[in-house]
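Each ligand, and each atom within it, is numbered from 1 in the order the structure gives.
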Amino acid sequence: KEKVEITKAQRALMKVIVDAYNRHKIPQDVAKKLLQDQYSAEENFLLLTEMATSQVQVLVEFTKNIPGFLSLNHEDQIALLKGSAVEAMFLRSAQVFSQKMPNGHTEVLEERIRKSGISEEFMTPMFNFYKSIGELHMIEEEQALLTAITILTPDRPFVKDQQAVERLQEPMLEVLRKLCVLQHPQEPQYFARLLGRLTELRTLNHYHAEMLTSWRMNDHKFTPLLCEIWDVQ
Ligand SMILES: CC(C)NC(=O)n1c(-c2ccccc2)cc2c1CN(S(=O)(=O)c1cccs1)CC2
């Protein structure tokens, strides 16, 4: 039986990541807005735009706090942010969607998202992902580390020094692996399940690109920050 123990250094790394993750949460008022009174598809869309824009700002701040990130080549920093922005948004969405809300709120939230001008064909994979993340009942350390690991994916387009990114991602993966063993002793395959979600996340990139095309056909407007991070307009 492997005796798994998180070292002092690994605990320190985890603390930095979790503190950064907790400091940069979406303002709850924005999420609350989505639960208020009746909205039209247009207003729901605008609210998602506001939430997604706020989340990108939060993502940039969180990323800057990942130890070693700011020492990476500057172009690579941008490539990692742009390459992971959509996945980080879906991961954050899944975490928001699966967090405990007063009863009935999740259904209202689902209703608002379903009535926001997003074509039906993207709803199924999106909500399947939310549910598959919800079933994992991740603790915040796991959520924070999984977000950092997603950002530090070495094989994003245009990343020049992939080894430098691997050197930052590997320690995160090792801490997460140990945490999973300690947190879910009955489920030896839990860590593998978590990483499996990252594979599912990548497929959502494709759906998102299609969503953008259909929104632009219906002349939906995005904020400058979303246009920049998604490379549209
Ligand atoms: C928490 C934030 C990051 N989530 C969010 O903004 N959501 C949520 C969502 C999911 C669960 C709970 C609360 C909100 C669903 C969707 C989005 C954004 N996208 S988007 O970025 O493509 C978009 C931007 C503008 C128009 S559409 C569409 C789908």
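- Short contacts between ligand 1 and I118, defined as distances under 4.0 Å to a heavy atom of the residue, involve ligand atoms 28 (C), 29 (C).
- In this structure, of M211, K221, H208, Q95, the residue bringing a heavy atom nearest to atom 22 (O) of ligand 1 is H208.
- L173 places a side-chain heavy atom less than 4.5 Å from the side chain of L195.
- Contact record, I113 with I118: O-CD1, 4.3 Å, taken as the closest heavy-atom pair.
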**Request:** Could you walk me through whether E111 and R114 pass the salt bridge (charged side-chain N to carboxylate O under 4.0 Å, His left out) test, one step at a time?
**Result:** CA-CA 5 Å; E111 199 49 34; R114 287 189 183 280; 5.9 Å; no

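- The one candidate from I151, L204, T147 that meets the side chain to side chain contact (heavy atoms under 4.5 Å, CB included) condition with L91 is T147.
- When non-hydrogen atoms are compared, ligand 1 lies under 4.0 Å from the side chain of I113 (C-beta onward) but not from its backbone.
- Distances from atom 23 (C) of ligand 1 to the heavy atoms of F127, Y130, Y207, W230 show the closest one on W230.
- To the nearest 0.5 Å, the span separating CG on L80 from OG1 on T150 amounts to 11.5 Å.
- Here the closest non-hydrogen pair linking C180 and Y190 is SG-CD2, 3.6 Å.
- Comparing S54, S93, S98 by heavy-atom distance to atom 10 (C) of ligand 1, the nearest is S93.
- The distance from ligand 1 to the heavy atoms of Q55 drops below 4.0 Å at these ligand atoms: 3 (C).
- Every atom of ligand 1 is numbered from 1 in the order shown, and the set under 4.0 Å from a heavy atom of A52 is 6 (O), 21 (O), 24 (C).
- Of all the heavy atoms of T49, the ones lying under 4.0 Å from any atom of ligand 1 are found in both the backbone and the side chain.
- If you check the side chains of D155 and Q162, you find no donor sitting under 3.5 Å from an acceptor.
- For ligand 1 and L109, the ligand atoms under 4.0 Å from any heavy atom of the residue are 12 (C).
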